[in-house]
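Report on one structure; see the data block that follows.
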Amino acid sequence: NNMHSLTTRLNAIASYAVLVLFVALGFNVVSHFFLTNPPVVSVSFVETQQANPQNRRFMVEYSSELKSNEAALFTLFDINADFRPVWTWNTKQLFVFVTLDYTTPDGAAHSVFVWDTIIQDKEKAVFDIKKQIPDYFLVDLPDNLRNLKARLSVSWNIVPISGLFTTFSSPGQKSFSIPSKIELLETEKTNRAALIRSGSMM
């Protein structure tokens with residue numbers, strides 16, 4: 001009887017502990033949504049430049065994929081953000097990314113990742129970056145890029161310690177125009193082929 005009583009008590013204690021744990025986790029998940037406030041975020045276009053063979057990073061990352069009839073651009077931008085209001089006791093990290101949205105003359109909508117960063121510390125959730133060079137180039141047919149209206153926007157993923165993975169986006173800046181002077185230069189194609197043949201990209 002004593003053994004049976006002890007086993008029953010241990011089982012009850014274990015069940016109660018599991019119940020408390022699940023209640024605590026549920027409170028943790030729910031409170032995250034009430035404690036999170038919107039961040040202060042702004043992104044603005046600075047200028048667009050056309051990539052060329054003199055840009056070594058472009059040659060290493062894109063020359064093998066770029067078709068002979070495509071052009072590559074990179075868009076410099078300013079980004080100012082304070083993500084500290086987003087941070088709660090249930091925040092593990094933030095994944096912040098900038099996208100460039102545009103529609104080609106044939107009506108096809110495109111959304112291109114141009115930059116991203118991971119924030120793992122609340123104290124590092126504030127930054128003001130000028131003329132940020134994008135991590136990724138914009139590659140398309142020249143006719144699709146000339147006189148193009150585009151828009152930059154900032155989005156962020158909140159990775160919690162426990163709970164649901166959530167994504168939010170800023171309204172984005174007003175649209176800007178990509179310059180009309182976009183062309184494929186024969187020297188670019190020649191230099192690209194020469195670099196590939198010579199192995200200078202390695």
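When a residue number appears, it is its place in the shown sequence, counting from 1.
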*D135 and F137: side chain to side chain contact (heavy atoms under 4.5 Å, CB included), yes or no, with the steps?*
CA-CA 7 Å; D135 295 327; F137 289 86; over 6 Å; no
*Given the side-chain rings of F83 and W156, with only the six-membered ring counted for Trp, is the space between their centroids under 6.0 Å?*
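Ring centres of W156 and F83 closer than 6.0 Å.
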_F113 ring center within less than 6.0 Å of Y136 ring center_ =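 Y136 vs F113: aromatic centres not under 6.0 Å.
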Can you get from [X] to [Y] by hopping between Ile, Leu, Val, Met, Phe, Trp and Tyr side chains that sit under 4.5 Å apart?
| X | Y | answer |
| --- | --- | --- |
| F127 | V114 | yes |
| V126 | V41 | no |
| F97 | V159 | no |

Exercise: identify the closest heavy-atom pair between [X] and [Y]:
| X | Y | result |
| --- | --- | --- |
| D101 | S111 | OD1-OG, 2.7 Å |
| S169 | S155 | OG-OG, 2.7 Å |
| K131 | D78 | N-OD1, 2.7 Å |
| W87 | K92 | CZ2-O, 4.1 Å |

Value rounded to 0.5 Å, distance of [atom1] in [X] from [atom2] in [Y]:
| X | Y | atom1 | atom2 | value |
| --- | --- | --- | --- | --- |
| I118 | L94 | CD1 | CG | 10.0 Å |
| F77 | K130 | CZ | NZ | 12.5 Å |
| Q93 | N157 | CD | CG | 9.5 Å |
| I79 | S42 | CD1 | OG | 7.5 Å |
| L73 | T48 | CG | OG1 | 6.5 Å |

Quick check: do [X] and [Y] have side-chain heavy atoms less than 4.5 Å from each other?
| X | Y | result |
| --- | --- | --- |
| T99 | L152 | no |
| V96 | D116 | no |
| T104 | H110 | yes |
| L100 | F176 | yes |

*Determine, step by step, whether I161 and T91 satisfy the side chain to side chain contact (heavy atoms under 4.5 Å, CB included) criterion, reporting the C-alpha distance in whole Å, the side-chain angles of both residues, the deciding distance to 0.1 Å, and the verdict.*
CA-CA 6 Å; I161 297 173; T91 304; over 6 Å; no
*Worked check of side chain to side chain contact (heavy atoms under 4.5 Å, CB included) between S153 and V43*: CA-CA 7 Å; S153 61; V43 61; 5.6 Å; no
*asked:* Evaluate I129 against W115 for side chain to side chain contact (heavy atoms under 4.5 Å, CB included), listing each step before the verdict.
replied: CA-CA 12 Å; I129 306 174; W115 180 81; 4.1 Å; yes
*Is there a donor in the side chain of T103 and an acceptor in the side chain of K149, or the other way round, less than 3.5 Å apart?*
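Looking only at side-chain atoms, K149 and T103 do not form any donor-acceptor pair under 3.5 Å.
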*Could you go step by step and tell me if N90 and T88 meet the side chain to side chain donor-acceptor pair (under 3.5 Å) rule?*
CA-CA 5 Å; N90 190 36; T88 70; 5.5 Å; no
